[in-house]
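Right, one structure below, let's go through it.
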Amino acid sequence: MKNVFKASAIALALAISTQVTAAEINFSTKINNKAQTLVVFYSQDANNSAFNDIDKQFKNQLSHTIDIKQFDGKYGDILEVIPTNSRKHQRVFIVGTGKLQQLDKSTIAKLGGNVHATLLQNKVESASIVFDSVKGAISNPELAANFAHGANLRDHRFEKYKQTPNTVTVSYYFDVDDKKQTNNTYSTLQSIEQGVFLARDLTSEVATQMTPVAFAKAAKELEALGVEITVLEPKELKELGMGALEAVGRGSEQGARLVVAHYKGSNTTPIALVGKGITFDSGGYSIKTGASIARMKSDMAGAAAVLGTVKAMALAKADKNVVAVMGMAANMVSQFAVAPGDVVRTAEGLSVEIVNTDAEGRLVLSDAMWYARKHFNPEIMIDVATLTGSKIKAVGNDYAGVFSQDDTLISQLTLAGKQVNENLWRLPLGYKSTLSSDIADLKNLGSSGPGATTAASFLEHFAGETRWVHIDIAGNALATKGKDEISPGGTGFGVRLLSEWLLSN
Ligand code: BES
Ligand code: MG
Ligand code: ZN
């Protein structure tokens with residue numbers, strides 16, 4: 001099947017000039033015998049009848065290699081065979097699936113990612129994936145579509161600054177037991193991919209290019225999909241009393257922006273997604289030093305994730321009412337920047353003593369959360385933010401931290417995350433009293449207590465009566481190397497999780 005979203009992918013490519021995905025996916029009910037390479041699955045617990053048939057065609061060369069290499073079908077192991085005298089395929093990859101019942105959305109997408117990386121490494125241009133006989137915990141169409149999804153996700157890289165970007169395209173031919181069903185599932189996953197790719201590209205782009213104004217411009221492109229975009233300028237932020245967001249933006253020439261992206265696919269009460277959009281976090285006068293400053297172009301990944309999610313919902317034409325509210329600013333040093341000790345007033349009314357200008361995320365979020373509640377009165381509000389180094393110390397880069405008083409939302413979101421390899425780990429709220437200030441209603445730094453929690457508890461002041469969840473994605477947003485369905489650069493963490501949650505609840 002041709003990529004039905006080519007047009008929008010190209011529009012995005014022009015805007016922030018990135019590549020269009022280079023895996024081409026075809027589903028059919030027959031095995032393609034012309035592809036250069038054949039990929040067959042080998043499980044630890046089934047009779048592997050498809051494998052055995054193919055092995056016979058290759059005069060038992062596959063089973064022979066398996067014996068010598070002591071390959072036993074362990075999940076994720078990939079064995080290469082170069083058959084002699086094959087008129088059809090130059091090579092065969094045997095892919096271990098582990099026990100078939102363990103094959104679900106998340107495990108098959110990872111396999112898709114890893115097989116794709118192997119094919120790229122071997123400069124394979126076309127591959128026939130023998131899929132029809134593969135059954136797992138979910139149906140064959142779901143498995144095939146999610147495998148293709150994993151391959152596409154792994155394929156997407158940010159190489160616009162390279163003299164010779166990778167241009168290899170792998171054409172995939174899957175034989176599946178139900179073509180229509182597979183295409184249906186795949187089409188939703190393609191919408192989600194486009195949301196992930198947008199979030200990744202926005203995050204990967206360098207900070208001098210990806211400014212608050214550039215981000216707002218990229219958001220505007222979603223208007224073509226029927227998404228309503230509103231951008232508030234510094235003057236309007238001031239008029240609305242959004243002193244916290246305005247203050248963080250004051251140190252850079254462009255100042256702050258509030259960007260709102262509303263996709264109204266139904267008339268229900270909206271779900272609000274609030275994103276931290278610090279296009280560069282120098283720390284401000286509480287300046288970051290050494291390695292801690294190096295990757296701070298990615299401090300807008302929360303905003304990118306919520307915008308990507310809205311794009312995914314719009315492309316999927318989901319019957320959801322979802323609005324992303326993004327607080328955008330560059331946290332820089334200049335004669336106009338906020339000084340430690342300054343007091344600002346949030347739109348909510350609470351004044352905040354800025355003890356540390358590097359704790360800026362909670363400031364922009366406080367006003368963005370206020371705006372989301374005031375203008376949309378949402379049923380649920382979820383904020384996504386690269387908020388604290390403390391979260392990385394607590395749970396590392398493979399989990400995001402999740403905070404809420406709402407047990408139901410925590411379990412729904414955690415489950416959704418598991419399905420898509422974007423795992424959440426619950427951390428506590430609390431230590432509120434450590435945020436009390438001598439001269440203002442609150443200070444932006446807890447005097448004691450765990451940093452990820454005091455940051456979350458600061459935000460809780462701005463959630464009011466709304467059901468609210470905070471997701472701290474510090475460390476999840478930018479990958480240094482490829483792994484599973486992740487390629488180096490912006491990860492788009494949060495788009496798949498939120499899309500999965502929205503579409504299944
Ligand atoms: N953007 C950072 C958090 C961060 C750290 C994200 C590492 C990704 C990787 C945030 O604005 C920040 O500077 N947090 C400080 C807070 C401190 C000053 C209370 C931190 O975590 O060190
Ligand atoms: Mg900071
Ligand atoms: Zn920050």
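We count ligands from 1, going down the list as the structure has it; atoms in each ligand are counted the same way.
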Within 6.0 angstrom of Tyr75 OH, more than 12 heavy atoms from elsewhere: yes
Test: Arg496 and Glu500 ion pair at under 4.0 Å: no
Any side-chain heavy-atom pair from Met300 and Leu307 closer than 4.5 angstrom? no
Quick check on contacts: which atoms of ligand 1 are under 4.0 angstrom from a heavy atom of Leu445? 19 (C)
Quick one: are Asn152 and Tyr186 in side-chain contact, heavy atoms under 4.5 Å? yes
Numbering the atoms of ligand 1 from 1, which are under 4.0 Å from a heavy atom of Asn356? 18 (C)
Nearest heavy-atom approach of Gly341 to Ile439 is O-CD1, 4.5 Å
Pull out every atom of ligand 1 sitting under 4.0 Å from any heavy atom of Lys276, numbered as shown with elements. 1 (N), 10 (C), 11 (O)
Residue pair Trp370 / Met242, side-chain heavy-atom distance below 4.5 Å: yes
Between Phe462 and Phe458, how do the two ring planes meet: parallel, tilted or perpendicular, split at 30° and 60°? tilted
Salt bridge check: are Arg426 and Asp407 linked by an N-O gap of less than 4.0 Å? yes
May I ask you to decide if the ring planes of His156 and Phe197 are parallel, tilted or perpendicular, using 30° and 60° as cut-offs? parallel
At less than 4.0 angstrom from any non-hydrogen atom of Thr386, what atoms of ligand 1 do you find? 1 (N), 2 (C), 3 (C), 6 (C)
Heavy-atom contact under 4.0 Å between Lys391 and ligand 1? no
For the pair Asn421 and Lys483, evaluate side-chain hydrogen bond (donor to acceptor under 3.5 Å, both in side chains) and give the outcome as yes or no after the intermediate values. CA-CA 11 Å; Asn421 298 319; Lys483 186 187 171 211; over 6 Å; no
Check: of Thr454, Asn476, Leu387, min heavy-atom distance to atom 10 (C) of ligand 1 comes from Leu387
Is it true that Lys110 and Glu485 have a side-chain N and a carboxylate O under 4.0 angstrom from each other? no
Shortest reach to atom 6 (C) of ligand 1 by a heavy atom, considering only Ala385, Ala474, Ala477, Ser282: Ala474
How about NZ on Lys238, more than 12 heavy atoms from neighbouring residues, nucleotides or ligands closer than 6.0 Å, or not? no
Contact partition for Met296 relative to ligand 1, non-hydrogen atoms under 4.0 Å: side chain
Under 3.5 Å, is there a donor on one side chain and an acceptor on the other for Ser487 and Arg200? yes
Which ligand 1 atoms are under 4.0 Å away from a heavy-atom of Ile392? 7 (C), 9 (C)
Listing by chain and number, which protein N, O or S atoms are under 2.8 Å from the Mg ion (ligand 2)? Asp281 OD2, Asp358 O, Asp358 OD1, Glu360 OE1
So is Lys288 close enough to ligand 1, meaning a heavy atom under 4.0 angstrom away? yes
Between Glu348 and Lys374 (salt bridge meaning N to carboxylate O under 4.0 Å), is one present in this structure? no
Looking at Asp299 and Lys297, is any side-chain nitrogen of the basic one under 4.0 Å from a carboxylate oxygen of the acidic one? no
For atom 15 (C) of ligand 1, which of the options Asn397, Asp299, Asp358, Ile278 provides the nearest non-hydrogen atom? Asp358
protein heavy-atom neighbour closest to atom 21 (O) of ligand 1 works out as Gly389 N, 2.6 Å
Which of the atoms of ligand 1 are close to Glu360, meaning less than 4.0 Å from one of its heavy atoms? 11 (O)
When distances are taken from atom 2 (C) of ligand 1, the protein heavy atom at minimum range is Asp281 OD2, 3.5 Å
Under 2.8 Å from the Zn ion (ligand 3), how many protein N, O or S atoms can be found? 4
Considering all heavy atoms, the nearest Ser366-Ala244 contact: OG-CB, 3.8 Å
